[in-house]
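Just so it is clear, the model here is predicted, and its values are computed rather than measured.
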Amino acid sequence: MRPDTSAENVDHHAEAARLERTAGLHPEDAEQLLQLAAAHLELAGARPEATALYDRLLSSPDTLENPHLVRALKASNLWEYGHEAEARAIIEGLRVSAARDPAPWVIAAEALEAHDELEAAQDTFTEGATLLLTGVSEPPYSTHSLLFGRHRVRRMLGAPHDDWDALADTLHSSSVSLDELHDPKRIWSLGSNNPAELEAEISRLRAELGAYREALSRPFPVAVLHWPAGELEELVAGYPSLAEEYPSHPEHLTTIEGALRELSASGTPNLGIVTGTVPSYEAFAASEGTSPAEVSLLPQYATTLAARGRAVAWPPQRGTACWCGSGRAYEECHGTPE
């Protein structure tokens with residue numbers, strides 16, 4: 001059940017409790033599951049309980065895949081029930097930390113926007129865009145909301161278009177332009193008695209709803225399976241028949257990068273990498289009633305990990321560590337042109 005489902009159709013408290021129980025059974029997915037549980041609690045108006053879940057996750061920040069995202073969600077939630085000072089402090093900390101993922105920037109900026117802090121929201125959107133998109137020729141899909149949000153806030157401020165706004169316009173695919181969607185005067189048309197104005201507003205709302213549905217229905221990444229060196233060694237030792245699929249770890253890494261570049265060149269969108277572990281793979285094989293030695297099981301395992309939210313987008317954001325785990329920046333590692 002998605003947390004955006006109407007409260008008339010779901011018991012958000014019950015759904016949050018179910019997700020918490022599931023997180024206990026699947027600790028490897030606890031971060032995503034508890035975030036969803038917190039979202040349901042927020043929708044139920046149980047904001048202190050949602051904060052408790054965020055704090056539970058942040059009690060072990062070193063084990064989180066994206067602690068910045070959890071902090072941003074916590075800040076947004078805190079502000080909604082009167083803890084403005086703490087929320088502001090968290091948001092300022094996020095800005096200083098220079099997170100390499102667009103989601104925390106968007107959530108922090110939208111929290112400021114929701115409380116009429118438009119200048120601060122614009123600055124936050126701009127900092128995120130500058131950090132993540134400077135020198136990037138093709139903005140990843142995950143950064144589009146950063147540019148669209150910035151465009152919206154600047155439109156409300158009456159700021160003239162700049163290069164980032166122009167880029168947002170080119171990325172926007174709806175039949176209604178961003179300038180029209182983000183027109184601050186739109187609210188007036190909702191009280192109009194002019195049928196033409198009301199019809200135009202209905203068209204704009206439909207376009208917005210279409211874009212929202214497209215974002216919600218965006219499929220999980222086409223993911224390629226990656227094995228860290230130690231895991232691959234254990235995998236091949238336990239299942240020697242897979243040695244033909246994985247002759248060596250360096251060759252495995254080269255194959256991954258090559259496959260992703262080939263998919264990208266063919267126009268395949270939303271690419272990602274999932275990292276496997278032998279215990280997880282063996283458990284998956286058992287659930288499928290198949291031997292882990294079956295080569296055909298590998299892509300199914302990758303797809304399942306991606307569906308569970310375990311995929312990391314490819315290519316990585318500029319300046320972030322390479323997906324292979326070398327510790328070097330992607331553009332200095334596997335991102336180097338051949």
Side-chain angles (χ1 to χ4, degrees), residues 65-73 75-76 91-113 117-157 159-174 177-179 181-182 211-212 214-215 218 220-222 257 260-261 263-265 267-273 311-323 328-337:
E65 291 182 5
N66 196 339
H68 296 305
L69 175 59
V70 179
R71 291 190 181 97
L73 291 168
S76 177
I91 290 172
E92 185 58 33
L94 287 168
R95 292 172 68 174
V96 171
S97 69
R100 304 298 308 192
D101 174 32
W105 291 100
V106 172
I107 292 167
E110 288 183 345
L112 291 163
E113 178 188 356
E117 301 280 348
L118 298 184
E119 293 284 356
Q122 176 190 218
D123 291 344
T124 304
F125 276 126
T126 300
E127 287 173 25
T130 302
L131 176 69
L132 299 176
L133 295 175
T134 299
V136 176
S137 57
E138 187 66 30
Y141 180 84
S142 60
T143 64
H144 291 191
S145 57
L146 193 63
L147 292 168
F148 295 160
R150 182 180 183 276
H151 184 288
R152 180 181 62 250
V153 169
R154 286 171 55 78
R155 191 82 165 85
M156 287 190 285
L157 288 169
H161 266 38
D162 61 9
D163 290 343
W164 290 125
D165 292 322
L167 179 58
D169 285 332
T170 64
L171 295 172
H172 180 65
S173 59
S174 173
S177 71
L178 279 182
D179 272 347
L181 287 177
H182 296 163
Y212 179 63
E214 181 183 354
R218 185 170 175 81
F220 52 78
V222 175
E257 182 70 23
L260 288 165
R261 292 190 183 195
L263 287 167
S264 178
T268 304
N270 205 20
L271 299 173
I273 296 174
V312 175
W314 180 95
Q317 294 287 333
R318 184 177 180 81
T320 56
C322 186
W323 55 264
R328 292 185 292 165
Y330 173 68
E331 56 268 25
E332 298 172 0
C333 192
H334 282 88
T336 303

C333 to R328 - nearest heavy-atom pair and separation: SG-NH2, 3.4 Å

Member of L263, N270, L260 meeting the side chain to side chain contact (heavy atoms under 4.5 Å, CB included) criterion with V222: L263

Qualifying residues under side-chain contact (heavy atoms from CB on, under 4.5 Å), relative to T170, sequence neighbours excluded: L167

Check: A120 main-chain N/O paired with T124 side-chain donor or acceptor under 3.5 Å: yes

Salt bridge (charged side-chain N to carboxylate O under 4.0 Å, His left out): pairs with one or both residues in residues 137-148, sequence neighbours excluded: none

Test salt bridge (Lys or Arg N to Asp or Glu O under 4.0 Å) applied to D162 - qualifying residues, sequence neighbours left out: R150, R154

Stepwise side chain to side chain contact (heavy atoms under 4.5 Å, CB included) test for L147 and L133: CA-CA 10 Å; L147 292 168; L133 295 175; 3.7 Å; yes

Partners meeting side-chain hydrogen bond (donor to acceptor under 3.5 Å, both in side chains) with E92 (sequence neighbours left out): none

Pairwise salt bridge (charged side-chain N to carboxylate O under 4.0 Å, His left out) hits with a residue in residues 121-137, at least two apart: R95-E127

Listed partners of D179 passing side-chain hydrogen bond (donor to acceptor under 3.5 Å, both in side chains), at least two apart: H151, H161

side-chain hydrogen bond (donor to acceptor under 3.5 Å, both in side chains) against T268, all qualifying residues, sequence neighbours excluded: S266

Partner set under side-chain contact (heavy atoms from CB on, under 4.5 Å) for L131, not counting sequence neighbours: A98, R100, W105

Residue list, side-chain contact (heavy atoms from CB on, under 4.5 Å) with A313, at least two apart or on another chain: none

Donor-acceptor under 3.5 Å (S264 side chain, R261 main chain): no

Nearest atoms (heavy-atom pairs only) where A168 meets L178: O-CD1, 3.5 Å

Closest non-hydrogen atom pair, A103 against L69: CB-CD1, 3.9 Å

T126/T130 under side chain to side chain contact (heavy atoms under 4.5 Å, CB included): CA gap, chis, key distance, verdict: CA-CA 6 Å; T126 300; T130 302; 3.9 Å; yes

Any residue meeting side-chain hydrogen bond (donor to acceptor under 3.5 Å, both in side chains) with W314, in chain and number order, not counting sequence neighbours: E257, Y330

Side-chain heavy-atom pair P140, L132 within 4.5 angstrom cut-off: no

Closest non-hydrogen atom pair between V106 and F125, with its separation: CA-CE2, 4.1 Å

With sequence neighbours excluded, residues passing salt bridge (Lys or Arg N to Asp or Glu O under 4.0 Å) with E119: none

Residues forming a salt bridge (Lys or Arg N to Asp or Glu O under 4.0 Å) with R152, sequence neighbours excluded: E110, E113

